Amino acid sequence: MKHDFKNIEPKWQQRWEAAEAFRAGEDRSKKKFYALVEFPYPSGAGMHIGHVKAYAGLEVVSRKRRMEGYNVLFPLGFDAFGLPTENYAIKTHVHPRVATDRNIEKFTMQMKKLGFSFDWSKTIDTTDENYYKWTQWIFLKMFENGLVFRDKTLVNYCPSCKVVLSNEDSQGGKCDICKSDVIQKSKDVWYLRITEYADKLLEGLDSVDYPQNIKTQQINWIGKSQGAFVDFSVAGGKEKLTIYTTRPDTLFGVTFMVMAPEHPMLDKYKDIITNFDRVEEYRAICAKKTEFERTQVNKDKTGVKLEGFTAKNPVNGKEIPVFISDYVMMGYGTGAIMAVPAHDERDYEFARKFGVDVIEVVKGGDVSEAAYTGDGEMVNSGFLDGLTNKKDSIAKMVEYLEEKGIGKAGVQYKMKDWAFNRQRYWGEPIPIIHCPNCGMVPVPYDELPLKLPNIDKFEPGEGGESPLAKIDSFVNCTCPKCGGAAKRETDTMPQWAGSSWYFLRYVDPNNNERFADPERLRYWMPVDWYNGGMEHVTRHLIYSRFWYRFLYDIGEVPFPEPYLKRTAQGLILGPDGEKMSKSRGNVIDPLDIVDAYGADVLRTYILFLGDYTASAPWAENGVKGCRRFLERVAALTDIAKGKGSTPALEKQFHKTVKKVTSDIEEMKFNTALAALMTLINDISDAGTLTVDELKTFIALLCPFAPHLCEEIWESLGEKGFLSLSPWPVYDESKVVDAEVEIAVQINGKLRATVTVSADADKASVLETVRSCDKIAPLIEGKQIVKEIYIPGKIVNIVVR
RNA sequence: GCGGAUAUGGCGGAAUUGGCAGACGCGCUAGAUUCAGGUUCUAGUCGGGGCAACUCGGUGAAGGUUCAAGUCCUUUUAUCCGCACCA
């Protein structure tokens with residue numbers, strides 16, 4: 001047979017679709033497998049080669065699971081709210097609804113051309129009213145449970161475009177659109193109180209199967225730190241300035257304090273601070289920097305010393321100066337710090353620049369040279385002197401602070417509450433009404449979905465508010481509580497909202513009564529295996545775990561964690577080894593490859609390319625290798641006979657079934673395919689194989705190259721789909737070798753190999769080795785110091 | 001800066017997790033098939049030395065642990081990813 005992909009691929013795609021071959025079954029007595037891949041943003045550019053890799057992994061696992069008899073749910077939907085579609089609408093006046101529908105249609109068609117076994121009957125679209133109704137519903141549940149609040153924050157704002165910018169769009173402090181200076185502006189923002197779930201999100205990690213690096217990234221992102229809040233009296237003892245520190249034990253080494261430039265206490269003491277003009281000057285400079293820059297560029301510390309405003313060290317009563325500096329962030333801790341220059345690098349650098357004293361309180365370094373951040377004996381620290389264990393000295397200091405009422409133990413998280421709104425059109429409207437009498441009032445549940453009004457001008461409003469603010473018919477409404485005139489919130493939710501619970505909707509996508517039927521949730525959840533990009537490991541993964549955990553806490557879902565197992569694929573880089581991007585011109589269009597080589601070749605190549613979890617550059621020549629491989633597979637039909645295989649080949653088949661079976665589970669697709677290539681080389685050497693062996697071969701290859709394998713299956717006279725036929729099994733007794741080859745080393749250098757029976761004992765193996773004619777002369781007359789034998793692997797003789 | 005990762009032939013990558021480095025594929029060389037290009041087949045392909053058997057060296061760099069290190073430890077360099085309004 002020839003590999004006629006142009007005809008066989010559409011043929012099998014149509015047959016699968018007509019038979020709904022990959023539709024998840026309703027039989028809940030069967031073992032289930034829920035495979036989830038991150039749903040795409042349906043951009044106008046269509047499918048990217050990265051999507052193919054992201055989906056091909058669990059595509060193979062899902063296909064294997066079906067053959068193993070599982071009831072498999074492998075869905076795909078669309079995360080369609082977002083800026084690119086909105087910007088496209090601003091530019092072209094094509095409504096986002098129209099553009100989104102068009103893009104989804106294109107994307108779906110492209111996916112089908114790859115032969116992915118998605119259950120298209122379960123597809124969803126986050127911008128569908130029947131979907132975002134439930135996104136709004138969950139938001140209101142959070143509102144009801146005190147997890148939604150409003151507060152001020154600083155945002156990047158371009159005064160010329162009058163628009164709020166992301167950090168990315170304001171890099172270098174310049175507006176990406178008009179290049180004018182970006183300023184920091186205070187703005188009312190919606191927040192979700194995710195910090196309340198910080199501990200639950202940390203604890204939940206113990207019960208799930210994520211790779212350690214993903215867990216570590218989440219732990220660091222949450223950034224829990226144990227420390228203490230300490231009150232310093234300022235301005236002559238009238239008021240307290242509270243700081244947060246993880247090292248209260250170094251309190252005796254505090255020689256100054258630093259406040260964030262935006263710290264509200266500064267304004268209260270305007271009249272006392274004699275150089276307040278300098279403070280305002282400095283604030284203006286800082287307002288031009290994004291927080292990102294402030295934390296990033298800390299090479300050169302800047303700041304202003306406050307005149308007429310000092311603090312008192314609460315443990316030794318010493319008067320210390322207070323500075324403002326932008327290396328202290330208002331958003332972390334209390335917005336003020338105690339500085340211990342001897343033992344903190346940033347404080348040290350600042351102290352050197354501003355000529356403040358450095359007092360050593362932990363022995364071990366030379367504080368005249370650099371800050372010492374290690375452990376050591378406490379000195380110059382009153383009642384802590386002589387303690388050598390950090391834990392003990394922290395505990396003792398916290399005890400002292402609590403006793404004296406000047407501080408208390410506390411916990412801080414790096415993770416902040418989640419800023420949950422955008423001033424954009426193309427997002428879920430936040431279902432809240434502002435009533436002059438009743439305050440913030442939720443839209444009643446029976447009025448959901450709160451639909452986006454149909455508009456044709458998508459430019460953001462003056463001052464950066466959402467385009468919705470201009471639509472009077474949307475904004476003006478009556479308060480559901482008092483019936484008086486009220487105004488709707490015009491911000492929309494961030495694009496993270498829809499993706500925070502989408503995996504629940506796949507289970508029951510058309511339910512109008514609930515976000516999903518509880519019985520279906522109990523059967524399908526949790527997701528058994530979730531694969532996606534490393535870049536989503538912190539945000540999306542944490543956000544969706546938060547939402548799910550909340551739903552669990554209010555009794556809406558059956559388990560506390562949504563994903564049992566998480567993996568992440570690596571990027572496909574351009575042929576030049578750089579990240580693919582339009583501007584570099586190194587983008588590979590997957591459909592070009594499908595046209596030239598077929599979907600089976602593309603799928604096979606992408607998985608053969610290298611370690612699935614690592615990044616690898618695209619190489620067109622590698623594609624040809626996979627084409628050659630599939631052509632050789634097709635040609636196997638010409639030599640398969642009823643009988644005539646060899647015992648050696650039979651053994652090779654058992655080994656390959658074992659290897660492919662386990663490699664797929666470990667996502668080692670490249671070595672699984674290498675094993676199949678090795679096997680086809682063995683078949684070529686043998687020159688023959690049986691029809692049953694060919695069936696085994698195509699069953700193993702079917703998850704990778706399903707169209708060709710189905711075609712061969714049919715040509716062998718089989719009815720039904722190979723894709724739904726049983727997965728091959730192997731016989732463990734046929735896999736073990738009776739004889740093994742053992743490497744023989746003298747003093748760690750390879751000198752020979754010997755073949756011994758697999759169950760030989762150490763004495764007989766060593767006897768064989770010593771008498772071997774390559775080894776005997778080398779140990780002749782030498783003193784044998786040691787003989788090491790690792791069964792089945794190696795013998796090492798140490799001689800002198 | 002902080003956090004996460006990576007580094008192995010000409011190239012993509014393997015290495016049973018501390019046990020024969022370079023599986024498999026690409027590319028390349030030689031030969032065969034073909035009118036020719038492509039395809040297909042056979043042999044070879046980490047580097048140095050040797051006709052060969054063989055031998056010496058070799059996993060970004062420098063140290064260390066071990067009978068044994070690509071794998072573990074310390075230091076270091078380079079590259080990639082994330083850092084909160086990009087999706």
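Note that the structure is a prediction, hence the values are computed from the model and not measured. Proteins come first, then strands; the chains are lettered A, B, ... in the order of their sequence lines, and each starts at number 1.
Going from atom CG of A/Leu541 over to atom C1' of B/rA87 covers 16 Å, rounded to whole Å. In this structure, A/Arg539 atom CZ and B/rC85 atom P are separated by 8 Å, rounded to whole Å. Taking atom CD1 on A/Ile775 and atom P on B/rC54, their separation rounds to 13 Å, with Å as the unit. Across the protein-nucleic acid pair, A/Tyr348 atom OH and B/rG1 atom C1' stand 19 Å apart, rounded to whole Å. Between the P atom of B/rG57 and the CG atom of A/Leu750 lies a distance of 13 Å, rounded to the nearest Å. When rounded to the nearest whole Å, the span between CD of A/Gln423 and P of B/rC86 equals 12 Å. Atom CH2 of A/Trp496 and atom P of B/rG82 are 11 Å apart (whole Å). Across the protein-nucleic acid pair, A/Tyr612 atom OH and B/rC24 atom P stand 25 Å apart, rounded to whole Å.
When ring centroids are compared, A/Phe629 and A/Phe608 stay outside the 6.0 Å threshold. Outside the 6.0 Å centre-distance limit, the rings of A/Tyr597 and A/Tyr605 are not counted as a close aromatic pair.
Residue A/Pro84 is in sugar-phosphate contact alone, with no base atom involved, counting any heavy-atom pair closer than 4.0 Å across all strands shown. Among the heavy atoms of the strands, none lies under 4.0 Å from A/Glu787. Within 4.0 Å (heavy atoms only), A/Ile788 reaches at least one base atom of the nucleic acid. Across all strands shown, A/His540 has no heavy atoms under 4.0 Å from either base or sugar-phosphate atoms.
Look at A/Arg150 and A/Glu489 and you find a salt bridge, because one of the NZ, NE, NH1 or NH2 atoms lies within 4.0 Å of a carboxylate O, short of that distance. Using a cutoff of 4.0 Å between basic side-chain nitrogens and carboxylate oxygens, A/Glu666 and A/Lys659 are not scored as salt-bridged.
Distance noted for atom C1' between B/rC85 and B/rU75: 41 Å (whole Å). Across the C1' atoms, B/rG1 and B/rG12 are found 34 Å apart, a figure rounded to whole Å. Taking the P atoms as reference points, B/rC73 lies 14 Å from B/rA7, given to the whole Å. Across B/rG13 and B/rG64, the matching P atoms stand 32 Å from one another, rounded to whole Å. Here, B/rA69 and B/rG57 have their P atoms 13 Å apart, quoted to the whole Å. Of the P atoms belonging to B/rA62 and B/rU45, the separation is 29 Å, rounded to the nearest Å. Between B/rU6 and B/rG18, the two P atoms lie 15 Å apart (nearest whole Å). B/rG47 and B/rG25: their C1' atoms are spaced 22 Å apart (whole Å).
Of the candidates B/rG12, B/rG25, B/rC81, the closest approach to any side-chain atom of A/Met677 belongs to B/rG25. Which of B/rC20, B/rC26, B/rU55 sits closest to the side chain of A/Arg751 comes down to B/rU55. Candidate nucleotides B/rC86, B/rC67, B/rC20 were compared by shortest atom distance to the side chain of A/Ile794, and B/rC20 ranks first. For A/Arg632, taking side-chain heavy atoms from C-beta onward, the closest of the listed nucleotides B/rG12, B/rC41, B/rC67 is B/rC41. Side-chain atoms of A/Lys793 lie closest to B/rU16 of the nucleotides B/rU16, B/rG82, B/rA15. Counting only heavy atoms from C-beta on, A/Pro617 has its side chain closest to B/rG12 among B/rA87, B/rA84, B/rG12. Comparing B/rC26, B/rC56, B/rC20 against the side chain of A/Arg628 picks out B/rC26 as the nearest. Of all nucleotides listed (B/rC86, B/rG27, B/rG13), B/rG27 comes nearest to the side chain of A/Asn621. The A/Phe608 side chain lies nearest to B/rG25 when the options are B/rG25, B/rG27, B/rA84. When distances run from any side-chain atom of A/Ala674 to the nucleotides B/rC85, B/rA23, B/rG13, the shortest one goes to B/rA23.
Taking 3.5 Å as the limit, the base of B/rC67 and the side chain of A/Asn796 contain a donor-acceptor pair of atoms between them. The base of B/rC67 does not come close enough to the side chain of A/Gln745 for any donor and acceptor atom to sit less than 3.5 Å apart.
For B/rU17, there is no paired nucleotide, since no Watson-Crick or G-U wobble pair has both relevant distances below 3.5 Å. Pair assignment for B/rA52: none, as no Watson-Crick or G-U wobble contacts are both less than 3.5 Å. B/rG37 makes up no base pair with any nucleotide shown, lacking Watson-Crick or G-U wobble contacts both under 3.5 Å. In a base pair of the Watson-Crick type (N1 to N3 plus N6-O4 or O6-N4) or a G-U wobble (N1-O2 and O6-N3), with each distance short of 3.5 Å, B/rU6 is matched with B/rA78. Under the Watson-Crick or G-U wobble criterion, with both distances below 3.5 Å, B/rU29 is paired with B/rA43. Applying the Watson-Crick and G-U wobble criteria (two distances, each under 3.5 Å), B/rG22 pairs with nothing in any strand. Here B/rG70 sits opposite no nucleotide as a Watson-Crick or G-U wobble pair (both hydrogen-bonding atom distances under 3.5 Å). Checking B/rA84 for Watson-Crick or G-U wobble geometry (two distances, each under 3.5 Å) identifies no partner in any strand.
Ring planes of A/Trp547 and A/Phe420: tilted class, angle from 30 to 60°. The aromatic rings of A/His540 and A/Tyr502 lie tilted to each other, with the angle between the two planes from 30° to 60°. Using bins of under 30°, 30° to 60° and over 60° for the plane-to-plane angle, the ring pair A/Tyr612/A/Phe669 lands in the perpendicular bin.
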- Query: With the sugar-phosphate defined as primed atoms, P, OP1 and OP2, and the base as all remaining atoms, what B/S/- string results for nucleotides 3-11 of chain B, 5' to 3', for protein heavy atoms under 4.0 Å?
  - Reply: SSS------
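Separation of atoms CD (A/Gln745) and CG (A/Leu750) is listed at 6.5 Å; rounding is to 0.5 Å.
Annotated as syn: B/rU17, whose O4'-C1'-N torsion sits within 90° of 0. With a glycosidic angle more than 90° from 0, B/rG60 adopts the anti conformation.
In this model, the phosphate group of B/rG57 is approached by a side-chain N or O of A/Lys749 to a distance below 4.0 Å at OP1 or OP2. Close to B/rA15, at under 4.0 Å from its OP1 or OP2, lies a side-chain N or O of A/Lys668. Taking 4.0 angstrom as the limit, A/Asn670 places none of its side-chain polar atoms (N or O) nearer than this to OP1 or OP2 of B/rG25. One finds a side-chain N or O of A/Gln495 lying less than 4.0 angstrom from the OP1 or OP2 phosphate oxygen of B/rA87.
Counting only heavy atoms from C-beta outward, the side chains of A/Trp426 and A/Thr127 approach each other to under 4.5 Å. Within the 4.5 Å cutoff, the side chain of A/Ile683 has heavy atoms near those of the A/Ile639 side chain.
Between A/Tyr605 and A/Thr753, the one whose closest nucleotide on RNA chain B sits nearer the 5' end is A/Tyr605.
With A/Tyr543 as reference, A/Ser500 is the one residue of A/Ser499, A/Ser500, A/Pro494 to meet the side chain to side chain contact (heavy atoms under 4.5 Å, CB included) rule. Checked options A/Val60, A/Ile606, A/Val37; the residue passing with A/Tyr55 is A/Val37 (criterion: side chain to side chain contact (heavy atoms under 4.5 Å, CB included)).
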